[in-house]
Amino acid sequence: MSGHHPPHHPRLPARAHRAPGPHGPWTAALDDLRHHGTALVHASLTQWLPQRPPDARLRTLLGRDWPEYQARAHRRNGEQFRVTRTLLKHLAAAALAADPRDLELARTLTGRPYLRGCDHIDLSLSHTGDLIAAAITTRGLIGVDVEPRARPLHGRGTEQRICTPRELTRLRTLPEDRRNPRLIQHWTLKEAYTKALGQGLNFPFDRFGFDTSTDPPALERADGSPADAPGWTFRSLHIADRYTLGAALYDDGRGRTPDPALATALDPGAVAAVHRMLRR
Amino acid sequence: LTSSPQTRERTGAPTEASHTTGTTRWMRATARITATEHALGDPWDPRNPTGHTALLAADHHGEPPAAATRLYHRLTMNAELVPTALGGRMEALDTLGPLLRPLFRRDATLAVGTALTSLTAAMAVWLNGDRAQQRRTADTLLTGGRTTTALPRLAHADPFAAGELHAHRGPAGIRLTGRKSAISNADTADLLLAVARTGTGPAGHSLLLLDPAAAPRLRHLPRHPTHATPGLHVTGLEFTDCPLPDDALIGDWGQGMELALRTLTALHATVPSMLVGTADTALRTAAGLALGGTPFSRPVTRVPLAEGALAGAFTDLLIADSLALTAARALHLIPEEGNVLAAAAKYLVPRLLGETLRHLCVVMQDALHTRHGEHAIFQKHLRDLPAAASGHLSTALCQTVIAPCLPRIAAAHWTAPRPAPAALFRPGAPLPPADPRALARFGGRDGLCAYAAHAARALTATARGTETARTLHAQTDLLLTELTDLRRQCLTLPTGTGTGTGTGPTDHRAFPLTDRYTLALAAACCLGVQANARPGSLLAGTDWIVLALHRILRRLGRTPPPPPAGPRKRMCEEVLHRTRESRSYDLYDLQLAG
């Protein structure tokens, strides 16, 4: 063996970076985006809530979301809405080297967020209690979900609805105290996968499963056999010792975009040719 | 397509005949679609050598589907890519997509590997080549040969647009140097169209047509693996100071980018229609599963989520087909507006179909995760659709065409009642030949948004009293609001140099505005198709249009009232009916082989 090998960069990074506020720093996340084609970040709602820009700036920052923010303003989730939208926009703007006010965060018919007119990146968002998690990729589709590890799921009948028979069997072989964290892990992976597909809870969770005895976790069919899911990668992470994060990535084979900057998205030579043809 | 008199069709206002069952040209096309369907046979029959089982097996082994490729040539389908004036069967651009749909229904690898790869290069020759170059290309295709394209290096390049060929012209003739690692069919192509860099600055590219077998100092590079359409034969070529004859040059030296963009307009206007075929099979798989009752304990019409997914997917296919039809016909009827409309179709249709196919996962459920058996084709089509559409590379090129035009388009009036030619929206109605010179003039104008406002008002004027009519009124108001807002925002974009000087970047606000503009155009096309459809037909009714406008407005970020349950129920029933009868989920409702 001779020569050097580039470091191996899995398609989903093994860490999520803390984002202290709208102005970053985003350096670590952007490094991951460059090397892995994907970045995961998390933020504290309490830390972000007071970082509210003045109305005039917030209005241009939220753009077409401003009316919805105003409509929610007197409800509890109004400021949460502001923070999550702001986080996604600043993360995307950092990746695209753009002004967040120039971007539009839109939603598909099933409510999945995406950056309008920028199909070379994909985003996902999850929020529980004080924790917000966001993911961005240049590889294809991404889904992310977070839950508190202590959230009681096990023993309430939930597992019958969200697990395949195979998953239930494996769950029952575990010591009692490990069952709830395992169920949380499966729940977040399932949420992440169906969110990446844009379907969320519309895709019944007992119609597919995960084998989490392997790393990375492997997707299974309803009968417990391995799923044919080429291009998909899954990952579970712990955040701040209290939360479990599930991430699902679909790599559509386009290869990594080394520089997703919006300024270089359109080929300057082709744009110039269009202008010449317009003037003719 | 070429400007020869043989291709000319009678022009003028659409006749009554064109408004009924279709013209002779359309009847000839549908007869050929039926013949192709019949020859390819029932795709769900596991013993069919050109059916899904065989296609999936070839896909699994990463090889082109052999029997289907042989059948493609036995049916002389290359002739569909060659204008009639040159001895082929291509009469006009609006039938090209529907004629190739039988291939796209079955396998994107098959369709791209046989037809689309050759078409991309051939279209450049039809639009820009001289008589001898056209003759040579036509002869190649009509004798079962292949043509392909070495793309230029572009920003945000995928492997197909990475690497660059350089050419220079001196006393010793033209010399070509450089390496491209990903060219579809590079190892088997009889003719290669190279978009080569020939200088810096504005006149930086030239188009060259060459026979790889006759090119000295050309090295073939190994196969380039592709994740989607893995059976596609993608390999590389490396030229080292390769001499080319003078007649290799297409058009003028240095004009390659303009000639490529003109070619792109014709491809933008025809490829979206082909992709409808891929989505048709995916919807057929989901509908078949739903009819079989596998995923649900109740009939699918009593599971609102599934009913909504099936009706929604059918609606999206009709939206896509309306946009595709209008874009293709516009190149004949209003070519100076065609560049933007065609780019809008190419931009929006793959995105719309991809989103709707993923929504069908709620019907597919467990069957989404299999590569074997009768449902396996769904996963393959879902994977292949973006690749067949050339993914982000193509999206960026569409944005390149649309974004600089937005300020000009916005400067025109959008709300005055301005009739778009009704013939734009009528399948099979007579068309004048497409004039390559007109395609080179990027008009940057658009009469369709003005038409949308006009047509929406006309539609609501005739619909009264019912819940659907009330919904249509609300939808029309929202569409008019959106058009006004969109135009206002496009007017704030810098004109002329500001949206891209050629060296400076495009204004970032143009990216979301381009997306919204394509959705507005989709609404205009749907309204046009509805208003000009045969009275009494599904397309002339309000069920599909009320669902289409709802979906378009929501995608525009608006909040329309929920549509009444009736249209959704009836559209789902229509899907199930067409599934049982093996009829196409598009504007044409054609008989399929399965």
Side-chain angles (χ1 to χ4, degrees), chain A residues 63-65 96 98-99 102-104 106-110 112 115-120 140-141 194 197-199 202-204 207-208 219-223 227-231 251-255 257 259-280, chain B residues 154-156 158-159 202 204-205 226-228 257-258 261 295 305 312 351 355 358-359 361-362 365-366 369-372 379 383 386-387 391-392 395-397 399-401 403-405 408 440-442 444 496-497 500-503 505-509 511-516 551 554-555 557:
Chain A
R64 300 182 87 205
D65 279 326
L96 297 170
D99 186 326
D102 290 344
L103 307 176
E104 185 188 334
R107 272 168 286 190
T108 66
L109 295 184
T110 51
R112 182 188 206 288
L115 215 53
R116 193 186 288 285
C118 303
D119 80 327
H120 62 300
L141 299 171
T194 59
L197 283 171
Q199 305 315 318
N202 289 340
F203 199 129
R207 304 302 294 158
F208 66 102
L219 188 67
E220 293 179 336
R221 297 190 60 181
D223 65 3
D228 271 316
D251 186 339
D252 65 13
R254 65 175 83 165
T257 311
D259 172 22
L262 215 45
T264 56
L266 304 189
D267 187 75
V271 173
V274 171
H275 275 284
R276 287 197 298 279
M277 292 168 89
L278 268 172
R279 280 198 289 272
R280 205 168 279 163
Chain B
L154 295 166
H156 280 208
D158 68 5
H205 291 87
T226 42
H227 163 73
M257 194 54 92
E258 278 89 341
L261 281 168
L305 196 66
R351 205 195 90 197
E355 190 187 322
R358 282 194 293 279
H359 193 37
C361 293
V362 302
Q365 299 188 6
D366 182 51
H369 298 129
T370 175
R371 299 293 304 277
H372 302 284
Q379 190 193 91
R383 179 199 67 191
H392 170 58
T395 306
L397 283 168
Q399 290 168 324
T400 301
V401 171
C405 301
R408 282 181 180 229
R441 289 192 296 270
F442 273 30
T497 56
T501 58
T503 50
T506 297
D507 191 305
H508 293 167
R509 292 171 301 157
F511 288 88
L513 288 174
T514 295
D515 184 277
R516 285 169 66 190
R551 294 172 82 81
R554 284 199 47 209
R555 288 180 170 119

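Here is the naming used below: chain letters follow the sequence lines, and residue numbers restart at 1 for every chain.
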Identify the two heavy atoms, one from [X] and one from [Y], that lie closest to each other, and give their separation to 0.1 Å.
{"X": "P512(B)", "Y": "D102(A)", "value": "CG-O, 3.7 Å"}
{"X": "H227(B)", "Y": "D251(A)", "value": "NE2-O, 3.5 Å"}
{"X": "A265(A)", "Y": "A396(B)", "value": "O-CB, 3.8 Å"}

Contacting region of [X] [heavy-atom separation from chain A under 4.5 Å]:
{"X": "T370(B)", "answer": "both"}
{"X": "R383(B)", "answer": "both"}
{"X": "L154(B)", "answer": "both"}
{"X": "Q399(B)", "answer": "both"}

Handout entry: Residue list, salt bridge (charged side-chain N to carboxylate O under 4.0 Å, His left out) with E104(A), at least two apart or on another chain
Key = R64(A), R116(A)
Handout entry: Between R358(B), R371(B), H369(B), the one whose heavy-atom pairs under 4.5 Å with chain A are most numerous
Key = H369(B)
Problem - Closest-packed option against chain A by number of heavy-atom pairs under 4.5 Å, given R509(B), Q379(B), H359(B) - result: H359(B)
Exercise for the section: Report the residues that fulfil side chain to side chain contact (heavy atoms under 4.5 Å, CB included) with L109(A), sequence neighbours left out, ordered by chain and then residue number. Expected result: E355(B), R551(B), R554(B), R555(B)
Exercise for the section: May I ask you to test the H372(B)-D228(A) pair for a side-chain heavy-atom distance under 4.5 Å? Expected result: yes
Exercise for the section: State, yes or no, whether a side-chain contact exists between D267(A) and M257(B) at a heavy-atom distance under 4.5 Å. Expected result: yes
Fill in the blank from the handout: d(H392(B) NE2, H120(A) NE2) to nearest 0.5 Å is 5.0 Å
Exercise for the section: Determine yes or no for a side-chain-to-main-chain donor-acceptor pair under 3.5 angstrom, with N202(A) supplying the side chain and V362(B) the backbone. Expected result: no
